[in-house]
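Report on the following structure.
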Amino acid sequence: MKLNVAGTTKEYEEGLTVARLIELEKVESPLYVTVALNDDYVESGAFDNTALQDGDTVEFLYFMGGGR
């Protein structure tokens with residue numbers, strides 16, 4: 001199946017979950033990543049059970065603190 005991951009279309013096996021995609025993409029700091037699937041946020045507790053479908057768009061987001 002084809003997924004758009006971080007702006008790039010890539011091929012993956014069928015039955016892929018968000019958790020497995022995080023592993024395959026070697027996401028930095030996977031415990032702190034927020035995932036947007038088709039512009040909706042996926043709860044981190046649902047990564048293992050959220051199946052991806054052909055044509056989905058996935059973004060990995062990191063929120064940075066800081067300021068003065």
Side-chain angles (χ1 to χ4, degrees):
M1 79 177 153
K2 290 184 181 181
L3 299 175
N4 185 328
V5 179
T8 303
T9 300
K10 299 181 179 182
E11 283 279 338
Y12 296 93
E13 72 269 9
E14 294 289 328
L16 191 66
T17 64
V18 170
R20 181 68 180 131
L21 181 63
I22 288 171
E23 291 174 9
L24 291 172
E25 288 296 314
K26 297 178 176 71
V27 170
E28 186 176 329
S29 303
L31 294 176
Y32 301 108
V33 70
T34 298
V35 176
L37 173 58
N38 301 323
D39 294 325
D40 290 321
Y41 293 109
V42 179
E43 296 288 333
S44 60
F47 288 176
D48 288 330
N49 299 318
T50 302
L52 300 169
Q53 305 297 319
D54 187 53
D56 280 347
T57 297
V58 181
E59 295 290 336
F60 301 115
L61 309 169
Y62 299 92
F63 295 100
M64 301 293 172
R68 294 182 180 201

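All residue numbers in this chain count up from 1 along the given sequence.
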Under 3.5 Å, which donor-acceptor pairs link side chains of residues 9-27 to any protein atom two or more places apart or in another chain?
residue: K10; atom: NZ; partner: E25; partner atom: OE1; Å: 2.9
residue: K10; atom: NZ; partner: E25; partner atom: OE2; Å: 3.2
residue: Y12; atom: OH; partner: E25; partner atom: OE2; Å: 2.4
residue: T17; atom: OG1; partner: R20; partner atom: N; Å: 3.2
residue: R20; atom: NH1; partner: E23; partner atom: OE1; Å: 2.9

Find out whether [X] and [Y] are in side-chain contact, i.e. whether some heavy atom of one side chain is under 4.5 Å from a heavy atom of the other.
X	Y	value
Y41	V35	no
T34	Y62	no
T57	D39	no

With sequence neighbours excluded, residues passing side chain to side chain donor-acceptor pair (under 3.5 Å) with N38: D56
